[in-house]
Amino acid sequence: MYNPKSNKASEFIDHEEILASLEYADQNKNNAELIDSIIAKAKECKGLNHREASVLLACEIPEKNEEIFKLAEDIKKQFYGNRIVLFAPLYLSNYCINGCIYCPYHGVNKTIPRVKLTQEQIRDEVIALQDMGHKRLAIEAGEDPVNNPIEYILESIHTIYSVKHKNGAIRRVNVNIAATTVENYRKLHEAGIGTYILFQETYHKDSYEKLHPTGPKHDYAYHTEAMDRAMEGGIDDVGLGVLFGLDKYRYEYAGLLMHAEHLEAKFGVGPHTISVPRICPADDIDVNTFSNAINDDTFAKIVACIRIAVPYTGMIVSTRESQKSRERVLHLGISQISGGSRTSVGGYTQEERPDETAQFDVSDTRSLDDVMKWLIDMDYVPSFCTACYREGRTGDRFMALCKAKQIQNCCLPNALMTLKEYLEDYASPETKAAGEKLIAKNIPDVTNPAARKTLAERLQKIEQGERDFRF
Ligand code: SF4
Ligand code: SF4
């Protein structure tokens, strides 16, 4: 029985409710009147429920689809302006006892070397990341209670925050590790993590169990209820995601939104971010065996429909996607991207090593500086801002500001200051020249005169060597 407030995965992600929603969407995919009314509701920027949103995703009327894309673009501009936040993944260990059949780290894959970074190696990786200009990391590790116990993760987080190299600092560590206990989530919270990210992979229970035949991750309910435990453990910001291509994308989309509705209903705050990875090739993984893989057009439609359904939830696209594909979806609603990423353990320090320990093949292999220049040339303001988490603007405090569109008074000046830091410390001459012009062009968009004045003063101070200002 569907119940968004329930503690049970089988009730807040109710299979029958998803099927009924998909049927409703299918019956109405050419119903112009209904689609118009849903688009009108979406224009209020308060989001849509999974059923309404599923109709938009299924919509087959070309003019209405154009309106949907246009609306996604408008909402993205209203909530996120032209800013894109940058981060990098940091792989700590590829030891894993799970059997996820789409991931080369699965326990029975004997063709890859297993590697776990020491604290000294983590320090070196962090220095390499700081020297690129990164301020925000997402740490990743397989599930292995012997090799990667929670103590190892906590020690690693402590190491990452402690490295201060030249003007570098990692100011926010997001964590992507396996579903765990409330007690362990509490420890992660106390260690000062930003967002706890856990991809559902697929919301379809039968598929989930087949795709995860062995290991603790086989337990669908334990995995799906992880965000509830994380929030009970004090973590305010959680990041959802599915791996598109494992099951039918419309099923996943409805499940994803129901998960968001559940968090909102139970905790009064929806997900902080949603990630949209697609299945892609890797060691031991043949993408052709996944018959639900989605093409670029469908991918763009999904991004647009997520943007419309949950306007105040950030959306992340990684370097799994090519430059071309990222370019296509940025304006439709993406607010965060990774750049200069290595998806192998030790990948930032071992330049020549083939990516034999990579979790997936990176499509966008450009350096961070190239990604910065690319964004700047497209008139996006790349941002390394981490201010909210450090000012305690998390969870419902963050969402309240976001829903009231107040947060933007902080985002743009913070983006410009962190961009300025990047230009001073790490940029190539070409990126620096282009970035300075972009900053000058964007200062007038800070509408509050007092904030604009403070921003100008701080930009000057950054030029003189001071760092880490925030609004
Ligand atoms: Fe392990 Fe995660 Fe890969 Fe599954 S997806 S095999 S849990 S590293
Ligand atoms: Fe994100 Fe907050 Fe910075 Fe805006 S001010 S970019 S919401 S951390």
Side-chain angles (χ1 to χ4, degrees), residues 79-87 89 91-109 112 114-116 135-136 139-145 147-148 171-172 174 176-180 194-195 197-202 208 211-219 223 226 237 241-243 246 272-273 277 279 282-285 312-314 316 335-336 343-345 357-360 381-395 397-403 405-419 446 451 469-471:
F79 281 82
Y80 305 90
N82 55 349
R83 299 172 301 279
I84 300 285
V85 169
L86 285 138
F87 76 98
Y91 282 74
L92 300 179
S93 165
N94 66 356
Y95 282 91
C96 191
I97 58 168
N98 285 313
C100 317
I101 67 166
Y102 48 83
C103 172
Y105 292 176
H106 64 75
V108 287
N109 184 5
I112 56 163
R114 298 287 166 172
V115 186
K116 171 188 168 183
K135 300 281 187 268
R136 191 186 264 252
I139 58 170
E140 321 264 344
E143 180 166 13
D144 186 328
N147 286 296
N148 317 330
R171 298 173 180 160
R172 177 174 178 128
N174 296 334
N176 183 353
I177 60 163
T180 184
T195 311
I197 302 160
L198 182 69
F199 296 163
Q200 178 63 29
E201 319 296 9
T202 173
Y208 181 95
L211 290 158
H212 306 95
T214 54
K217 196 169 167 181
H218 178 73
D219 187 337
H223 187 80
D237 293 343
V242 293
L243 184 49
L246 295 182
H272 190 69
T273 54
I279 193 93
D283 178 273
D284 199 35
I285 308 298
Y312 29 79
T313 296
I316 302 176
S335 57
Q336 276 190 48
T343 58
S344 50
V345 185
T357 64
Q359 191 188 26
F360 58 85
V381 178
S383 171
F384 293 94
C385 178
T386 54
C388 282
Y389 147 77
R390 297 166 77 222
E391 290 289 319
R393 291 193 298 254
T394 58
R397 277 147 295 173
F398 172 79
M399 277 298 165
L401 283 171
C402 208
K403 287 179 182 176
K405 296 188 193 152
Q406 295 276 326
I407 193 69
Q408 299 165 63
N409 298 328
C410 303
C411 295
L412 181 58
N414 284 334
L416 296 175
M417 290 190 301
T418 55
L419 172 59
V446 176
F469 295 105
R470 57 185 180 263
F471 282 87

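Indexing begins at 1, ligand by ligand and atom by atom, following the structure's order. Values below: all heavy atoms of this structure, side chains included; hydrogens, waters and symmetry mates excluded.
Here the side chain of H223 pairs a donor or acceptor atom with the backbone of F199 at under 3.5 angstrom. With hydrogens and angles disregarded, a donor-acceptor distance shorter than 3.5 Å links the side chain of N109 to the backbone of P104. Between the R470 side chain and the T386 main chain, no donor and acceptor come within less than 3.5 Å of each other. Side-chain N or O atoms of D237 include one that pairs as donor or acceptor with a backbone N or O of G395 at under 3.5 Å.
Side-chain contact, T357 with N94: no donor N or O sits under 3.5 Å from an acceptor N or O. Inspection of the R172 and T195 side chains reveals an N or O donor paired with an N or O acceptor under 3.5 Å.
Of the protein's non-hydrogen atoms, the one nearest atom 1 (Fe) of ligand 2 is R136 NH2, 4.3 Å. Protein heavy atom closest to atom 2 (Fe) of ligand 1, with residue, atom name and distance, is K217 NZ, 4.1 Å. The protein non-hydrogen atom at the shortest distance from atom 3 (Fe) of ligand 1 is C103 SG, 2.3 Å. In terms of protein heavy-atom proximity, atom 7 (S) of ligand 2 is nearest to F398 CE1, 3.4 Å.
Interface of Y105 with ligand 1, defined as ligand atoms under 4.0 Å from a residue heavy atom, comprises 3 (Fe), 6 (S), 8 (S). Using a 4.0 Å cut-off to heavy atoms of N98, the atoms of ligand 1 that qualify are 7 (S). Below 4.0 Å from some heavy atom of C96 lie the following atoms of ligand 1, by number and element: 1 (Fe), 6 (S), 7 (S), 8 (S).
At least one test fails for K116 against the ring of Y95: distance under 6.0 Å to the centre or angle within 45° of the axis.
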Query raised in the report: Please walk me through it: do C100 and K217 pass side chain to side chain contact (heavy atoms under 4.5 Å, CB included)?
Result: CA-CA 8 Å; C100 317; K217 196 169 167 181; 3.6 Å; yes
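With a cut-off of 2.8 Å, the protein N/O/S atoms near atom 3 (Fe) of ligand 2 add up to 1.
For a distance bound of 2.8 Å, the N, O or S atoms of C100 include none lying that close to atom 3 (Fe) of ligand 1.
The closest approach between any non-hydrogen atom of H212 and ligand 1 is not below 4.0 Å.
To the nearest 0.5 Å, the span separating CZ on F360 from SG on C103 amounts to 10.0 Å.
Ring centroid separation for the pair H212 and Y102 comes in under the 6.0 Å cut-off.
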